[in-house]
Amino acid sequence: MPAISATAPGKIILVGEHAVVYGQPAIAVPVAQVRAQAVVSANPRGNPGEVFIQAPDIAFEAWLADLGVDHPLGMAVRGVQKLLQLDHLPACSLRLSSTIPVAAGMGSSAAVSVAVIRALSAFLGSPLPDAQVSSLAYEIEVIHHGKPSGIDNTVVTYARPVVYQRGMPIQTLEVPVPFTLVIGDTGLAASTAMAVNDLARLWQADQVAYDPLFAEIGQIVQASRQAIASGQPELLGSLMNENHILLQQMQVSSPELDALVEAALRAGASGAKMSGGGRGGNMIALVEVELAEQVARSLVRAGAVGTLINQVSTPPRRQV
Ligand code: PMV
């Protein structure tokens with residue numbers, strides 16, 4: 001059996017994070033410059049069922065049999081085995097690598113799961129369809145995040161801009177006029193689960209105050225979707241600014257994120273906001289493409305530890 005490799009991109013949430021947990025829609029886009037990769041190769045000298053997993057970047061090595069039932073990598077491998085109804089996996093090695101920043105709101109955990117599920121199922125001769133890849137990756141996200149909305153596994157699996165709403169069929173979003181985002185990393189690792197739980201407590205204590213904020217974000221998402229679909233991405237700038245203010249009111253931003261948002265706007269971005277769970281991680285700025293480098297440099301001067309320039313467009317359909 002030849003070695004089989006699969007990759008999955010990072011992602012960034014354009015608008016709608018947090019409110020999406022409360023049933024509002026959100027838009028997320030893939031970030032193809034950063035990726036997780038899984039390579040599965042046969043181990044002809046091994047015994048059936050012996051699966052060796054290694055991630056040299058993080059000095060991780062383990063046999064599948066030694067991973068607990070709730071270990072994310074073990075769940076991905078055993079989940080594929082179960083879906084393909086195999087009694088034993090052939091002896092093989094699974095090698096993982098990723099350039100996606102961890103705990104930064106860029107979908108690192110979902111991308112690793114998707115790459116593993118795709119590479120292993122293809123290695124076993126039965127590549128799983130996207131819907132099954134995404135739903136197994138979701139089960140694993142539950143272990144990482146507690147109560148994820150499902151947006152990460154969806155955008156990372158389909159690797160296209162998506163409008164995601166809990167309980168609704170997945171909707172991909174065409175981007176007739178591409179636009180440019182600069183992504184700025186605060187360098188602060190932040191727990192999405194903690195931000196989500198803190199907001200849940202605030203909401204439980206005062207639903208009358210928080211429900212309208214979520215609804216307002218829902219309207220921003222619908223307007224953003226309309227702006228993208230109608231080829232007017234320049235309208236996104238003010239919508240992103242409004243979304244950031246609402247996220248500040250929901251107490252999920254941070255002084256570091258706010259400082260990067262302000263720096264981007266001062267440098268000429270037409271809109272900027274935190275992205276993802278907040279408290280740290282990344283922010284995004286909408287820019288004219290010729291201003292992208294300038295905005296990125298301003299973000300670094302304002303404290304960003306890394307920047308990425310991401311062109312959002314409709315990618316070609318993936319060949320299965
Ligand atoms: O921190 P991220 O990018 O994984 O995103 C979290 C997005 C939230 O809406 C805050 C939570 C969720 O599960 O949707």
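Atoms considered below: every heavy atom in the structure, side chains included; atoms not considered: hydrogens, waters and symmetry mates. Every number for a ligand or one of its atoms is a count from 1 in the order of the listing.
Residue, atom and distance of the protein heavy atom nearest to atom 11 (C) of ligand 1 are V21 CG2, 3.8 Å. Residue, atom and distance of the protein heavy atom nearest to atom 6 (C) of ligand 1 are T192 CG2, 3.5 Å. Looking from atom 8 (C) of ligand 1 to the surrounding protein, the closest heavy atom is H18 N, 3.8 Å.
The shortest N or O to N or O distance between G277 and ligand 1 is under 3.5 Å. In terms of N/O distances under 3.5 Å, ligand 1 is approached by G105.
When each atom of ligand 1 is checked for a heavy atom of D152 under 4.0 Å away, the hits are 4 (O). Per-residue contacts place V20 under 4.0 angstrom from the following atoms of ligand 1 (heavy atoms of the residue considered): 9 (O), 14 (O). Of all atoms in ligand 1, listed by their number and element, those nearer than 4.0 Å to a heavy atom of I13 are 5 (O), 7 (C). Using a 4.0 Å cut-off to heavy atoms of S149, the atoms of ligand 1 that qualify are 12 (C), 13 (O), 14 (O).
No more than 12 heavy atoms of other residues, nucleotides or ligands sit less than 6.0 Å from atom CD of E288.
Looking at V252 against ligand 1, nothing comes within 4.0 Å, counting heavy atoms.
Taking only non-hydrogen atoms, the option from M106, E17, K11 nearest to atom 3 (O) of ligand 1 is K11.
One hydrophobic cluster holds both W203 and I217 under the rule that ILVMFWY side chains link at heavy-atom gaps under 4.5 Å. In this structure, L265 is a member of the same hydrophobic cluster as L14, with clusters built from ILVMFWY side-chain heavy atoms closer than 4.5 Å.
For the residue pair Q37 and R95, no side-chain donor N or O sits within less than 3.5 Å of a side-chain acceptor on the partner.
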task: Go through the steps for F52 and L94 under the test side chain to side chain contact (heavy atoms under 4.5 Å, CB included), then give the verdict.
output: CA-CA 6 Å; F52 188 63; L94 175 59; over 6 Å; no
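Side-chain contact check for R160 versus L173: every heavy-atom pair is 4.5 Å or farther apart.
Here the CZ atom belonging to R166 is positioned 11.0 Å from the OG1 atom belonging to T154, to the nearest 0.5 angstrom.
Note on D130 versus R118: salt bridge recorded, some NZ/NE/NH1/NH2 to OD/OE distance being below 4.0 Å.
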